> 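Input: one structure, supplied below.
Hydrogens, waters and symmetry mates play no part in the numbers below; they use all other heavy atoms, side chains included. Because the structure is predicted, anything quoted here is derived from the model rather than measured. When a residue number appears, it is its place in the shown sequence, counting from 1. Ligands are counted one by one from 1 in listed order, and the atoms in each one are counted from 1 as well.
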Amino acid sequence: MTDIVILTGAGISAESGLGTFRDAGGLWSEYNLEEVATPQGFARDPAKVHAFYNARRANARGAEPNAAHRALARLQQARHGTLIVTQNIDDLHERAGSRGVLHMHGQLFRALCAACGQRWDAPDIMAPDDPCPACGARTTRPDVVWFGEFPYHMERIQARLEAAALFVAIGTSGEVYPAAGFVDIARAAGARTLELNLERSAGVFDATREGPASEVVPAWVDEVLAG
Ligand code: APR
């Protein structure tokens with residue numbers, strides 16, 4: 001058991017200017033998640049949902065990875081067994097140089113055909129009547145996992161949690177399952193657990209280091225690589 005499994009949340013992208021969800025002024029205080037992040041909301045008003053993700057796609061396009069994203073990429077280059085699982089749908093981990101990132105809530109820059117399951121790189125602006133490039137149906141949606149839908153890669157994530165030596169949660173409130181339960185799976189399988197967050201979250205960890213990700217994550221990575 002040598003591998004490190006890292007789970008990131010919106011907090012790692014906060015200092016890149018992308019909003020979190022549940023902090024003061026977070027996305028869920030501006031938008032009704034029922035309307036923009038559920039299959040029912042999409043069925044009711046696809047134009048509103050596309051507008052929500054078009055705005056987030058433009059935001060993410062204009063953002064840059066921060067020192068925390070870059071530190072995790074450095075860690076992966078030195079420790080090839082390090083897996084990054086993210087709840088985030090932005091591409092800042094990849095743009096910082098990380099590889100093999102598992103986006104359990106999907107990706108903002110990917111599109112999905114609800115009729116045939118085809119996936120492709122999303123255009124900057126998506127609209128309800130965009131035709132699917134494979135089947136032509138006009139049921140295209142962001143390739144994002146909404147509330148009530150199954151997160152992606154769960155079997156792979158479960159297997160890696162059960163084999164991890166260390167589980168680290170970064171910038172996540174621990175409010176949304178199944179991600180919030182990863183620390184319990186890892187601990188039960190014998191891993192040490194660490195939380196890096198602006199403030200202690202709802203999760204139970206062996207240790208918590210409080211502070212902004214852009215400071216706390218590089219400091220932790222330097223420690224691991226010096227060890
Ligand atoms: N550095 C580190 N942590 C931070 C920072 C920062 N600069 N700013 C905020 N945080 C922490 C907050 O303390 C909080 O614990 O980031 C977390 C943000 O919590 P949420 O807004 O709930 O985001 P997240 O945990 O990623 O939400 C999980 O909920 O709505 C769904 O699909 C959505 O993936 C999202 C999921």
> Does ligand 1 have any atom that is closer than 4.0 Å to a heavy atom of E175?
no

> Is A213 close to ligand 1, meaning an N/O of one under 3.5 Å from an N/O of the other?
yes

> For D90 and S13, does a side-chain donor sit closer than 3.5 Å to a side-chain acceptor?
yes

> Does the pair M104 and L7 meet the rule for a side-chain contact (heavy atoms from CB on, under 4.5 Å), with working shown?
CA-CA 10 Å; M104 63 181 290; L7 170 71; 4.3 Å; yes

> Give me the nearest non-hydrogen protein atom to atom 19 (O) of ligand 1 as residue plus atom name, then the distance to 0.1 Å.
S173 CB, 3.4 Å

> At less than 4.0 angstrom from any non-hydrogen atom of P212, what atoms of ligand 1 do you find?
1 (N)

> Atom CG in D45, atom CZ in F52: separation rounded to 0.5 Å?
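Atom-to-atom, D45:CG and F52:CZ are 13.0 Å apart.
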
> What is the closest protein heavy atom to atom 17 (C) of ligand 1, and at what distance does it sit?
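Sorting protein heavy atoms by distance from atom 17 (C) of ligand 1 puts G171 O, 3.5 Å first.
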
> Which distance, rounded to the nearest 0.5 Å, do you find between the CD of E215 and the CD of E15?
7.0 Å

> Judged by modelled atom types alone, do R56 and N59 share a side-chain donor-acceptor pair under 3.5 Å?
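Short answer, no.
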
> Roughly how far apart are I89 CD1 and H103 NE2, rounded to 0.5 Å?
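I89 atom CD1 to H103 atom NE2 measures 10.0 Å (nearest 0.5 Å).
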
> Please report which non-hydrogen protein atom sits nearest to atom 7 (N) of ligand 1, along with the residue it belongs to and the distance in Å to one decimal place.
E15 OE2, 3.0 Å

> Looking only at N/O atoms, are F21 and ligand 1 under 3.5 Å apart anywhere?
yes

> For atom 30 (O) of ligand 1, grab the closest protein heavy atom and report residue, atom and distance to one decimal in Å.
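Among all protein heavy atoms, the one nearest atom 30 (O) of ligand 1 is W28 NE1, 2.8 Å.
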
> Does a donor on one side chain sit under 3.5 Å from an acceptor on the other, for S98 and Q76?
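A donor-acceptor contact under 3.5 Å links the two side chains.
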
> Does one side chain, of S201 or E195, offer a donor that lies under 3.5 Å from an acceptor on the other?
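The criterion, which ignores hydrogens and geometry beyond distance, is satisfied for E195 and S201.
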
> Using heavy atoms and a threshold below 4.0 Å, how should the contact between R22 and ligand 1 be classified: side chain, backbone, both, or neither?
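The part of R22 near ligand 1 is both the backbone and the side chain.
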
> What is the closest protein heavy atom to atom 5 (C) of ligand 1, and at what distance does it sit?
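Nearest neighbour among protein heavy atoms for atom 5 (C) of ligand 1, to 0.1 Å: G11 O, 3.6 Å.
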
> Got the closest protein heavy atom to atom 26 (O) of ligand 1, with its distance?
A10 N, 2.8 Å

> I need the atoms of ligand 1 closer than 4.0 Å to a non-hydrogen atom of G9, numbered in the order shown.
26 (O)

> Looking at R110 and E94, is there a salt bridge between them, counting it only when a charged N and a carboxylate O are closer than 4.0 Å?
no

> Give the residue, atom name and distance (to 0.1 Å) of the protein heavy atom nearest atom 28 (C) of ligand 1.
Q87 OE1, 3.3 Å

> Can the positive tip of R119 be found less than 6.0 Å from the middle of the six-membered ring of Y152, inside 45° of the ring normal?
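Judged by the rule (NZ or CZ under 6.0 Å from the ring centre, within 45° of its axis), R119 counts as positioned above Y152.
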
> Should T172 be counted as touching ligand 1, given the test is an N or O pair under 3.5 Å?
yes

> So if I count the atoms of ligand 1 from 1 in the order they appear, which ones are less than 4.0 Å from some heavy atom of F147?
30 (O), 31 (C)

> Checking D143 side chain against Q107 main chain: does a donor-acceptor pair fall under 3.5 Å?
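Here the side-chain-to-backbone pair does not exist.
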
> Grouping I, L, V, M, F, W and Y whenever their side-chain heavy atoms are under 4.5 Å apart, do V5 and I157 come out in a common cluster?
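Yes; I157 is reachable from V5 via cluster members.
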
> So which protein heavy atom does atom 13 (O) of ligand 1 come closest to, and at what separation?
N197 OD1, 2.8 Å

> For ligand 1, is any non-hydrogen atom under 4.0 Å from H105's backbone (N, CA, C, O), its side chain (CB onward), both, or neither?
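Side chain only.
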
> Measure V176 to ligand 1 on non-hydrogen atoms and call it side chain, backbone, both or neither using the 4.0 Å cut-off.
side chain

> Is the shortest N/O to N/O distance between L198 and ligand 1 below 3.5 Å?
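Yes; the residue has a nitrogen or oxygen that sits under 3.5 Å from a nitrogen or oxygen of the ligand.
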
> Side chain, backbone, both or neither: which part of A14 has a heavy atom under 4.0 Å from ligand 1?
side chain

